[in-house]
Amino acid sequence: MTALAVRMVHEFRHEVEERVEADDAGPGRLVRAYVRVSVDPAADQTLAQERQALEVILGTVAEVHEIWRADSRWWKDALATDGLPELTRDLVIAAADGVWATVEWGDPYPPGRTEALRDRLLALTHEWGE
């Protein structure tokens, strides 16, 4: 079970790394990639729900929680060096996670709304003025 949890953690990191745009050199480029992966209107709802069910099962294993805590610390460290103000970064990431949760739990936003949310979150990474 722990090997599966590690694989899932690394797959998500790889997905985010793949979505960092080559010509994006500004502050927030990793946050924007995280948003692109987490708020993906093309996300397969069935696959997302299967992943959520798997995460529930994995969550019954104590060692998996340590893997997830370590991953959370990794993301916090990586995103902290991405150049966005802390409040903006935390707001955008929390919102992206929330949009993803709607897909995972089987109640996604209606067509067009996910794209609008993604675009607004991406815009926030350019509009910060803290």
Side-chain angles (χ1 to χ4, degrees):
M1 294 282 230
T2 57
L4 178 57
V6 168
R7 190 181 101 216
M8 290 172 71
V9 161
H10 287 151
E11 284 175 355
F12 182 74
R13 287 184 194 174
H14 179 73
E15 280 183 71
V16 173
E17 290 168 359
E18 290 289 312
R19 299 291 291 272
V20 172
E21 294 183 350
D23 62 343
D24 184 355
R29 66 193 298 252
L30 184 60
V31 170
R32 285 186 286 281
Y34 187 102
V35 168
R36 285 186 206 99
V37 170
S38 299
V39 187
D40 183 356
D44 181 332
Q45 184 172 345
T46 301
L47 183 62
Q49 289 173 329
E50 289 172 358
R51 180 181 174 101
Q52 189 271 338
L54 185 55
E55 288 170 351
V56 168
I57 294 167
L58 289 173
T60 65
V61 179
E63 294 84 2
V64 170
H65 286 271
E66 184 50 43
I67 292 166
W68 288 343
R69 280 189 291 274
D71 184 56
S72 179
R73 287 188 299 270
W74 185 91
W75 277 109
K76 286 177 183 174
D77 291 345
L79 294 169
T81 63
D82 197 34
L84 287 180
E86 185 177 2
L87 186 58
T88 300
R89 177 192 70 230
D90 290 351
L91 174 68
V92 170
I93 293 299
D97 288 346
V99 173
W100 173 248
T102 67
V103 175
E104 265 195 347
W105 289 101
D107 189 25
Y109 288 99
R113 179 58 111 189
T114 301
E115 292 88 340
L117 289 166
R118 180 203 55 216
D119 294 348
R120 185 64 189 125
L121 291 172
L122 292 172
L124 285 172
T125 69
H126 294 288
E127 298 171 357
W128 49 274
E130 299 176 71

message = Determine whether Val37 and Glu18 satisfy the following criterion, side chain to side chain contact (heavy atoms under 4.5 Å, CB included), listing intermediate values before the conclusion.
response = CA-CA 9 Å; Val37 170; Glu18 290 289 312; over 6 Å; no
ask   = In terms of hydrophobic clustering (I, L, V, M, F, W, Y; side-chain heavy atoms under 4.5 Å; direct or indirect links), are Trp68 and Leu79 co-clustered?
value = no
inquiry  = Apply ring pair (Phe, Tyr, Trp, His ring centres under 6.0 Å) to residues Phe12 and Trp100 and explain how you reach the verdict.
reply    = CA-CA 13 Å; Phe12 182 74; Trp100 173 248; 8.3 Å; no
ask   = Any chain of hydrophobic side-chain contacts (each under 4.5 Å) joining Val16 to Ile67?
value = no
query = Donor-acceptor pair, Asp71 side chain versus Val9 backbone, under 3.5 Å?
reply = no
key: Over all atoms of both residues, closest heavy-atom pair of Gln49 and Gly106   = NE2-CA, 2.7 Å
ask   = CZ of Arg51 to OG1 of Thr46: how many Å apart, nearest 0.5 Å?
value = 15.0 Å
message = Applying salt bridge (Lys or Arg N to Asp or Glu O under 4.0 Å) as the test, list every pair that has at least one member in residues 25-42; sequence neighbours left out.
response = Glu21-Arg36, Asp24-Arg32
task = Determine, step by step, whether Arg13 and Glu17 satisfy the salt bridge (charged side-chain N to carboxylate O under 4.0 Å, His left out) criterion, reporting the C-alpha distance in whole Å, the side-chain angles of both residues, the deciding distance to 0.1 Å, and the verdict.
result = CA-CA 6 Å; Arg13 287 184 194 174; Glu17 290 168 359; over 6 Å; no
query = Would you find a donor on one side and an acceptor on the other, under 3.5 Å apart, between the side chain of Ser38 and the backbone of Val35?
reply = no
ask   = Do side-chain atoms of Glu66 reach the backbone of Glu63 as a donor and acceptor pair under 3.5 angstrom?
value = no
query = Honestly curious: do Val99 and Trp105 fall in one hydrophobic cluster under the side-chain, below-4.5 Å linking rule?
reply = no
request  = Following the transitive rule for hydrophobic clusters with a side-chain heavy-atom cut-off under 4.5 Å over Ile, Leu, Val, Met, Phe, Trp and Tyr, establish whether Leu54 and Val6 coincide in one cluster.
outcome  = yes
query = Do you know which two heavy atoms are closest between Met8 and Glu55, and how far apart they sit?
reply = CE-CG, 3.9 Å
query = What is the distance from atom CZ of Arg7 to atom OG1 of Thr2, rounded to the nearest 0.5 Å?
reply = 12.5 Å
ask   = Between atom CG of Asp82 and atom CH2 of Trp75, what is the distance when rounded to the nearest 0.5 Å?
value = 9.5 Å
Where Val64 and Leu58 come nearest, the two heavy atoms and their spacing = CB-O, 3.5 Å
message = Would Glu115 and Arg118 count as a side chain to side chain contact (heavy atoms under 4.5 Å, CB included) here? Give the steps.
response = CA-CA 5 Å; Glu115 292 88 340; Arg118 180 203 55 216; 4.0 Å; yes
task = For the pair Lys76 and Glu86, find out whether any cationic side-chain nitrogen is under 4.0 Å from an anionic carboxylate oxygen.
result = no
inquiry  = Please check if the number of heavy atoms outside Trp74 that lie under 6.0 Å from its CH2 is greater than 12.
reply    = yes
ask   = Of the non-hydrogen atoms in Leu84 and Gly28, which two are nearest, and what is the gap between them?
value = CG-CA, 3.6 Å
note = Here the gap from Leu124 atom CG to Asp119 atom CG, rounded to the nearest 0.5 Å, amounts to 11.0 Å
task = State the CG-CD1 distance between Leu121 and Ile93, to the nearest 0.5 angstrom.
result = 9.0 Å
key: Student check: side-chain heavy atoms of Arg73 and Arg69 closer than 4.5 Å   = yes
inquiry  = Assigning hydrophobic clusters by single linkage (Ile, Leu, Val, Met, Phe, Trp, Tyr; side-chain heavy-atom cutoff under 4.5 Å), is Val39 placed with Val20?
reply    = yes
